[in-house]
There are 2 protein chains.
Amino acid sequence: MLTIGNLAKKTGTKVQTIRYYEQIGLMPEPGRTEGGQRRYGEAELDRLSFIRHSRQLGFSLDAIRELLDLGDHPDRPCQEADTIARRQLKQVERRMARLEALQTELRRMVRECSGGRTADCRVLEVLRDHSECLTDHEEIGV
Amino acid sequence: MLTIGNLAKKTGTKVQTIRYYEQIGLMPEPGRTEGGQRRYGEAELDRLSFIRHSRQLGFSLDAIRELLDLGDHPDRPCQEADTIARRQLKQVERRMARLEALQTELRRMVRECSGGRTADCRVLEVLRDHSECLTDHEEIGV
DNA sequence: GGTTGAACCTCCAGTGGCTAGAGGATGTAT
DNA sequence: ATACATCCTCTAGCCACTGGAGGTTCAACC
């Protein structure tokens, strides 16, 4: 039987985060000691590991919820899991493309900075005038 | 003189976002009509354009605040602006590296999915067992 | 059995960067 | 004068946590 602190250590999660997962129904309500402290078993350890690893791969908590559901139905076709993973891959690819454009632009800005007065600063100039940019980066926060 | 709606249109910002920027002190309090509606001039249009463009390049609102400050002191050396831009570039590079690792792993997961029952699903299997991963992806949300 | 002290508990608030909606006032064109 | 698009303030919500206050429990040691 694991205390919440030990479960946290084993999975690289913060204690508060585990309680948060319980609160939003991603983790089950565990057993308690007489004094009211949570105690966890193997099943919960596995489930939390799954959640954490999925988070590391960038899946949203909603997506993880779906994936956990699928894991509970071993006889259903795995197409759905595949779809969720593909969706996630698409998102990662879109973000990569965007970051690449930003990288290009930022590198150019920094390279062209001559180190003079702020008045002549290329960095500020480029930020002031979008038309100086060579790449597309219309979206925010993708 | 621009209404808030027109300023929004010209800069590709939502009206609420402009009011939010005012609230947190990123945009100045503009003049008002007798009835209390906001009216904006060229200076505000320029400032908001600067903010939006910086956001598109991924700068945080705090960083943007610093950059705006620098723009108000044309005689100071532009080293600080350079530093902020370099910091931003570093962050973008870190994110890119991380996303690349995720991409690799997700592609492998999806490629190996045979389309059978959920019980044999590679996607779920990999998520269950981190040791199946070839890449490092410890951090969350970078 | 008593005493530490680390770890646990609940509850509330805050992060960033917006976004949405309620309920009402204003501005402009006809 | 009227219609109605746009404006106003205020509050609350999003995601995925994180931190802290103030109090309780557990396990080890004497």
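Atom-to-atom distance recorded for A:T17:OG1 and A:Y21:OH is 6.0 Å, nearest 0.5 angstrom. Going from atom CE of A:M109 over to atom SG of A:C133 covers 8.0 Å, rounded to the nearest 0.5 Å. For the atom pair B:D69 CG and B:I64 CD1, the distance stands at 12.5 Å (nearest 0.5 Å).
Here C:dT19 presents its C1' atom at 14 Å from CD1 of B:I18, a figure rounded to the nearest Å. Distance A:Q23 CD to C:dT10 P: 10 Å, rounded to the nearest Å. The distance between atom CE of A:M1 and atom C1' of C:dC8, rounded to the nearest whole Å, is 17 Å. Here C:dG17 presents its P atom at 10 Å from CG of B:L26, a figure rounded to the nearest Å. Distance, A:Y20 OH to C:dC12 C1': 15 Å, rounded to whole Å. Rounding to whole angstrom units, CD of residue B:E22 and P of C:dC18 are separated by 15 Å.
If you check residues 83-99 of chain A against DNA chain C, you find no residue with a heavy atom closer than 4.0 Å.
Contact detail for A:R55 and A:S60: the closest heavy-atom pair is NH1-CA, 4.2 Å. Between A:V123 and B:A81, the closest heavy-atom pair is CG1-O, 4.1 Å. The two residues B:H130 and B:T135 come nearest to each other via the heavy atoms NE2-O, 4.5 Å. Between B:D136 and B:A101 the shortest heavy-atom distance is O-CB, 3.7 Å.
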Tabulated below should be each protein N or O lying under 3.5 Å from an N or O of nucleotides 1-4 of chain C; please produce it.
none

Any protein N or O atoms within reach of nucleotides 26-30 of chain C? Criterion: under 3.5 Å, listing atom names and distances.
| residue | atom | partner | partner atom | Å |
| --- | --- | --- | --- | --- |
| C:dG27 | OP1 | B:T33 | OG1 | 2.6 |
| C:dG27 | OP1 | B:G35 | N | 3.2 |

Listed pairs, N/O of protein and of nucleotides 20-24 of chain C, under 3.5 Å:
| residue | atom | partner | partner atom | Å |
| --- | --- | --- | --- | --- |
| C:dA20 | N7 | B:Q16 | NE2 | 3.4 |

Donor-acceptor contacts under 3.5 Å from residues 90-98 of chain B side chains, at least two apart:
| residue | atom | partner | partner atom | Å |
| --- | --- | --- | --- | --- |
| B:Q91 | OE1 | B:R95 | NH2 | 2.7 |
| B:E93 | OE2 | A:R107 | NE | 3.4 |
| B:E93 | OE2 | A:R107 | NH2 | 2.9 |
| B:R98 | NH1 | A:Q56 | O | 3.4 |
| B:R98 | NH1 | B:E139 | O | 2.7 |
| B:R98 | NH2 | A:Q56 | O | 3.1 |
| B:R98 | NH2 | B:E139 | O | 3.3 |

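Residue contacts for A:F59: at a heavy-atom cut-off of 4.0 Å it reaches no nucleic acid atom on any strand shown. Nucleic acid contact for B:R65: none, since no nucleic acid atom lies under 4.0 Å from a heavy atom of the residue. As judged by a 4.0 angstrom heavy-atom cut-off over every strand, A:I24 is placed among residues making no nucleic acid contact.
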| request: Before giving the answer on side chain to side chain contact (heavy atoms under 4.5 Å, CB included), spell out for B:Y20 and B:T13 the whole-Å C-alpha distance, their side-chain angles and the decisive distance to 0.1 Å. | output: CA-CA 11 Å; B:Y20 168 72; B:T13 317; over 6 Å; no

| query | Which is it for A:H53 and B:H137 under the side chain to side chain contact (heavy atoms under 4.5 Å, CB included) test, yes or no, and what are the steps along the way? | reply | CA-CA 9 Å; A:H53 191 203; B:H137 44 258; 3.0 Å; yes

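Counting heavy atoms from C-beta on, the side chains of B:E112 and B:E125 never come closer than 4.5 Å.
B:I84 and A:V110 are members of different hydrophobic clusters when ILVMFWY side chains are connected at heavy-atom separations under 4.5 Å. If you chain together hydrophobic residues whose side chains sit under 4.5 Å apart, A:I24 and A:I51 fall into the same group. Residues B:L89 and A:I140 are members of separate hydrophobic clusters, defined by side-chain heavy-atom contacts under 4.5 angstrom among Ile, Leu, Val, Met, Phe, Trp and Tyr.
Counting only N and O atoms by type, the side chains of B:R47 and B:Y40 include no donor and acceptor under 3.5 Å apart.
In summary, contact between chain B and DNA chain D, defined as any nucleotide atom under 4.0 Å from a heavy atom of the protein, begins and ends at D:dC7 to D:dT9 in the 5' to 3' direction.
Other residues, nucleotides and ligands place no more than 12 heavy atoms under 6.0 Å from the CD atom of A:Q79.
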